[in-house]
There are 2 protein chains.
Amino acid sequence: MPARRQANGSSESIDNYLKAILTLGGPQEIRVTSTALAERLSVAPASITNMLQKLAAAERPLVEYERHRGVRLSSAGKKRALEVVRHHRLIETFLYQVLDYPIEEVHEEAERLEHFISERFEERIAAKLGHPQIDPHGHFIPTMEGHMPQQASIRLTEVLAGGTFVIHSVDDRDARTLRELEANGIKPGAKLKLKPRTPTEACSVNIGRSAKPFDLSRAMAADIRIVPVEKN
Amino acid sequence: MPARRQANGSSESIDNYLKAILTLGGPQEIRVTSTALAERLSVAPASITNMLQKLAAAERPLVEYERHRGVRLSSAGKKRALEVVRHHRLIETFLYQVLDYPIEEVHEEAERLEHFISERFEERIAAKLGHPQIDPHGHFIPTMEGHMPQQASIRLTEVLAGGTFVIHSVDDRDARTLRELEANGIKPGAKLKLKPRTPTEACSVNIGRSAKPFDLSRAMAADIRIVPVEKN
DNA sequence: TCCGATGTTTAGGTATACCTAATAAATAGG
DNA sequence: CCTATTTATTAGGTATACCTAAACATCGGA
């Protein structure tokens, strides 16, 4: 068998399956379908089935899998997934704060390196950064013990009531969208006022002083998460 | 085909073949034999032949290979090999200086990460370090343009004449040996006096004030390189 | 409830990078 | 100079992680 180049036991590919199951399953750890995984990972559905069977059949299974009923992470799988997410977010923070990367480049580099850094590397950059809890996108960084801090945030697109919010995170998968949004003031920490609306209505947003209509489909694509602010 | 996880075109495995050919070929770029490569890479000789054929047959060949006559790097191969060596040595320097790694741990981490960092990462850590020319082991760092600085150093084991030298580099492949040698003052920058000897004789070494006999086989294993010092 | 659309799995195949065993070429000793 | 040993190559096989195409479940609507 070919040499393992990872600092730990699993492969890069497996890491990515676990991460995808973690994020698609959401905080309630809903079963994830093959199709959803196939789309997320840009892999044929048949390949997903194959991999899931292998992950479930392992000595120490990383997922719980039942034919035609989707997958969930096992506790071992969740541990590894959270470790990889921790790596990703620490690396992003490090690239941004220590190596002065432009914000829109941190994701791609982190996506590659997250699989290959050692425990020591993880520990050292965390120490250098003062054990940060959120990354430059506003995402919480899982703890060393594999625990994801509770996020009291909600999707912008889920909010119908209107009110004042702080942007908690802006998803970092598409560099262009991210940059555009940032240029418009849509970035973690920014304050934002929503007008009440129905699910189908366009969204109106106040950022700082200026009020502009906001295209909901873009918010959908970018997965903007916000935290309600108590008026005081 | 499986997704490329490297920032550049080639694979981790290919990188390692190129690096091995570079170092085994030496500064004069002697043809390297399959056996030598097989040993260095801990891979069966048959696998070496296979890989060399592929590397030589590529659209843009990375090696010049003739059956039964060994390999040399092509200019493209040499460029990539030097790039990987640059990555390795920059990463080691970075781990040591910025992340406070213990010296004996930098090699393993660099060996893994060297294949996966981007041009940007390389450039950023080089800048952070002030574009260093030698790594913590005393090895020269190839330039961005893929040029290896001339090393006026020689193998400790090749020196028969005796004289005063500065240790230029101590090879970093075996952590234990490295640590032991360092504990005995054998580290880059240390001054060292050799007594004249024959190839088979034990070696006598002065480090600072103390003179001790030195086991040549250990020097052989560790590939200690030294630079002659003009007495003044 | 049955039936077709959708989603999922099985079957069979590709490329990479390894392996072992058998064969062939080069080199060195008598 | 010819054989014996060493070194290198070919042939055939494994595991991983993908693929396509065909078969098979599940689910929602008539």
Side-chain angles (χ1 to χ4, degrees), chain A residues 1-6 8-21 24-25 30-59 61-72 77 80 84 112 115-116, chain B residues 1-6 8-21 24-25 30-59 61-72 77 80 84 112 115-116:
Chain A
M1 77 205 65
R4 276 201 190 299
R5 297 297 343 178
Q6 305 244 121
N8 72 87
S10 62
S11 83
E12 192 198 339
S13 190
I14 291 174
D15 281 354
N16 286 331
Y17 278 79
L18 298 178
K19 264 206 314 179
I21 296 166
L24 292 173
I30 306 285
R31 291 178 124 73
V32 176
T33 65
S34 297
T35 314
L37 279 170
E39 254 175 46
R40 163 61 76 110
L41 297 172
S42 303
V43 150
S47 307
I48 301 290
T49 302
N50 250 264
M51 181 62 103
L52 295 182
Q53 288 171 340
K54 240 191 11 196
L55 294 180
E59 342 66 52
L62 293 166
V63 300
E64 292 163 24
Y65 167 67
E66 286 173 87
R67 300 183 61 199
H68 294 281
R69 327 187 77 250
V71 257
R72 289 173 25 134
R80 175 61 188 160
V84 177
R112 226 178 318 106
H115 310 289
F116 304 108
Chain B
M1 74 206 65
R4 277 201 189 301
R5 296 300 341 180
Q6 306 245 120
N8 72 86
S10 61
S11 84
E12 192 198 341
S13 188
I14 291 174
D15 280 354
N16 286 332
Y17 278 80
L18 298 178
K19 265 207 313 180
I21 296 167
L24 292 173
I30 305 284
R31 292 178 124 73
V32 177
T33 66
S34 297
T35 313
L37 278 170
E39 255 174 46
R40 164 60 76 110
L41 297 172
S42 305
V43 150
S47 307
I48 301 291
T49 301
N50 249 264
M51 180 62 102
L52 295 183
Q53 288 171 340
K54 238 190 14 196
L55 293 181
E59 343 64 55
L62 293 166
V63 301
E64 291 163 24
Y65 166 68
E66 286 174 88
R67 300 183 61 197
H68 295 280
R69 327 186 78 252
V71 256
R72 290 172 26 132
R80 176 61 188 160
V84 177
R112 224 177 321 105
H115 310 289
F116 304 107

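Per chain, numbering begins at 1; letters A, B, ... match sequence-line order. In this text, all values refer to a predicted model and were calculated from it rather than measured experimentally.
The side chain of Ser11(A) contributes no N or O atom lying less than 4.0 Å from OP1 or OP2 of dT16(D). Residue Ser47(B) has no polar side-chain atom (N or O) positioned under 4.0 Å from OP1 or OP2 of dA17(C). In terms of phosphate contacts, Lys54(A) brings no side-chain nitrogen or oxygen within less than 4.0 Å of OP1 or OP2 of dT16(D). Between Tyr17(A) and dC18(D), a side-chain N or O to OP1/OP2 separation shorter than 4.0 Å is present. Here Thr49(A) reaches the OP1 or OP2 of dT9(C): one of its side-chain N or O atoms lies under 4.0 Å away.
Nearest-nucleotide positions on DNA chain D for Ser42(A) and Pro45(B) put Pro45(B) closer to the 5' end.
A 4.5 Å side-chain heavy-atom check between Ile48(A) and Val71(A) finds every atom pair outside the cut-off. The shortest side-chain heavy-atom distance between Val32(A) and Arg72(A) does not fall under the 4.5 Å cut-off. When side chains are defined from C-beta on, Ile14(A) does not count as touching Lys54(A), because their heavy atoms never get closer than 4.5 Å. Contact check for Leu41(B) versus Tyr17(B): side-chain heavy atoms found under the 4.5 Å cut-off.
Between the P atom of dA17(D) and the CG atom of Leu18(A) lies a distance of 12 Å, rounded to the nearest Å. In this structure, Leu41(B) places its CG atom 13 Å from P of dA17(C), rounding to the nearest Å. Rounded to an integer number of Å, the gap from Asn50(A) CG to dT20(D) P is 13 Å. The distance from atom CZ of Arg69(A) to atom P of dC24(D) is 21 Å, rounded to the nearest whole Å. Taking atom CG on Leu37(A) and atom P on dT9(C), their separation rounds to 11 Å, with Å as the unit. Distance, Arg67(B) CZ to dT23(C) C1': 11 Å, rounded to whole Å. Atom CD in Gln53(A) sits roughly 15 Å away from atom C1' in dT16(D) (whole-Å rounding). Atom CG in Asn16(A) sits roughly 18 Å away from atom P in dT16(D) (whole-Å rounding).
Nucleic acid contact for Ser34(B): sugar-phosphate only, since backbone atoms but no base atoms lie under 4.0 Å from a heavy atom of the residue. In this structure, Ser13(A) reaches the sugar-phosphate backbone alone: every heavy-atom distance under 4.0 Å involves primed, P, OP1 or OP2 atoms, never a base.
Side-chain proximity of His68(B) to the nucleotides dA25(C), dT20(C), dA21(D) is greatest for dA25(C). Between dC18(D), dT20(C), dA17(C), one nucleotide has an atom nearer to the side chain of Ala46(B) than all others, and that is dT20(C).
In this view, Glu66(A) and Arg31(A) satisfy the side chain to side chain donor-acceptor pair (under 3.5 Å) rule, not counting sequence neighbours.
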